[in-house]
Amino acid sequence: MELDFGPAVRDFRDEVRDWLADHLVGEFAEHRGVGGPTDGAAWEIRLAWDRELSAGGWLGVGWPREYGGRGLGLLEEIVFEYEYARVNAPYRATVNALDLLGPMLLAMGSEAQKQRFLPRILAVEELWGQGFSEPGAGSDLASVRTRAERDGDEWVVSGQKVWTSFGIHADWLYVLTRTDPQSARHKGLSLLLVPTDQPGVEIRPIRNLAGQDEFAEVFLSDARTGADMVVGEVGQGWRTAMATLGIERGTTLLPQQLTFEREAEALIDLARERGALDDPMLRRRIVDAWISVRIMRTTNLRTIAELTAGRTPGAQATTAKLYASTRHQQLGQLATELAGPAGQIVGEDYGLDTRQRSFLLSLAETIYGGSSEIQRNIIGEQVLGLPKEPRP
């Protein structure tokens with residue numbers, strides 16, 4: 001896939017390409033495509049790569065200059081992410097802070113919070129984890145029970161969080177808490193920034209199907225943070241959290257879709273190798289898989305065109321996550337079938353090849369970032385105008 005974003009950003013595109021060609025070499029080049037949102041592989045190499053990006057000024061392309069960014073626009077951000085994905089560079093270890101926390105602070109944080117945290121994020125000096133989901137409060141995030149009580153100049157936080165991506169590496173957590181004990185559901189929530197290096201914070205890794213431990217559960221027992229560590233207003237944490245989750249759908253569209261296109265091309269190569277294209281039923285499923293990634297491309301380009309034009313993305317942006325996650329699982333399932341019995345054999349110490357790892361990790365895609373069931377409710381209610389699902 002080759003896209004031309006127009007003459008306005010052509011020089012910038014060439015600058016990105018030249019830098020990546022010069023720096024994505026050696027050990028970094030050997031780890032092209034390593035890692036992902038649920039894949040903690042080669043962590044130290046990815047962290048070193050992030051520091052290389054930082055030294056070149058490629059983290060926070062769209063962030064203001066006063067916080068260490070380049071101060072460029074959304075189109076330049078998209079071009080960078082596209083070129084980055086095109087060369088299959090390692091998945092950034094600092095993605096949680098770069099793609100979620102940082103934009104949230106820029107939109108809703110205090111000036112003191114921006115000055116304190118944003119330059120350190122871009123310098124890869126502090127790593128962050130997200131403290132949203134809880135046992136019993138995953139897709140139904142409004143059910144969070146982690147509480148925070150004001151004690152003088154500090155907040156005292158107690159509760160449990162789960163599925164914290166790269167939590168074992170985090171220096172700080174951004175935690176959705178209930179600061180009004182009398183409140184229910186969306187009201188009375190606040191988003192706090194909590195340091196992990198203190199008594200009262202215990203982080204335990206969770207090993208997934210692919211043998212990775214990028215997820216963690218976090219236990220907070222009277223952990224403390226400053227009174228000024230609330231992002232947005234006290235009691236308005238739901239609005240802050242929803243803004244964060246909305247950011248998650250932004251410039252990540254093209255990189256994800258490029259990854260899926262590579263997997264579809266590898267699937268076709270595997271089918272040719274196995275002679276599967278002679279089977280009309282398999283051939284139909286392979287063509288369907290290729291069509292699905294082309295639909296993702298069209299959907300993503302429509303959304304990007306609307307974003308760069310300053311418009312609110314249409315209905316296709318709401319359906320994109322549901323479509324991509326379900327079709328990616330089907331793509332992985334088909335690749336596993338085509339690989340045959342050899343595709344079920346793992347290496348030493350449960351070593352997985354690229355195809356096996358992608359398929360196993362895709363099983364979580366219909367859960368994280370909003371489960372498919374919740375996504376269908378949102379589409380039904382907000383896009384199609386259907387009656388809301390009855391509450392128990």
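One-based numbering along the sequence shown.
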Can you say whether the rings of His23 and Trp19 are parallel (under 30°), tilted (30 to 60°) or perpendicular (over 60°)?
parallel
Could you tell me how the ring of Tyr84 sits relative to the ring of Trp49: parallel (under 30°), tilted (30 to 60°) or perpendicular (over 60°)?
tilted
In terms of hydrophobic clusters joined by side-chain contacts under 4.5 Å, are Leu98 and Ile45 together?
yes
If hydrophobic clusters are built by linking Ile, Leu, Val, Met, Phe, Trp and Tyr wherever their side-chain heavy atoms come under 4.5 Å apart, do Leu75 and Leu106 end up in the same one?
yes
Quick one: is the NZ or CZ of Arg70 closer than 6.0 Å to the six-membered ring centre of Trp58, and within 45° of its axis?
yes
Under 6.0 Å from the six-membered ring centre of Phe219 and within 45° of its axis: does the NZ or CZ of Arg204 meet both?
yes
Closest approach of [X] and [Y], non-hydrogen atoms and distance?
X      : Y      : result
Tyr174 : Asn96  : OH-OD1, 2.6 Å
Pro119 : Lys114 : CD-O, 3.4 Å
Ala148 : Leu192 : CB-CD1, 3.6 Å

Can you tell whether the side chains of [X] and [Y] come within less than 4.0 Å, N to carboxylate O?
X      : Y      : result
Asp180 : Arg147 : no
Arg297 : Glu261 : yes
Asp269 : Arg272 : yes
Arg13  : Glu15  : no
Glu381 : Arg376 : no

Ignoring hydrogens and geometry beyond distance, is a side-chain donor-acceptor pair present between Thr179 and Ser190 at under 3.5 Å?
yes
Verify the distance criterion only: is there a donor paired with an acceptor across the side chains of Ser221 and Glu202 at less than 3.5 Å?
no
Going by salt bridge (charged side-chain N to carboxylate O under 4.0 Å, His left out), name the residues that satisfy it together with Glu154, two or more places apart in sequence or in a different chain.
Arg224
Does Arg145 CZ have over 12 foreign heavy atoms under 6.0 Å away?
no
Centroid-centroid distance, Trp128 to Phe166, less than 6.0 Å
no
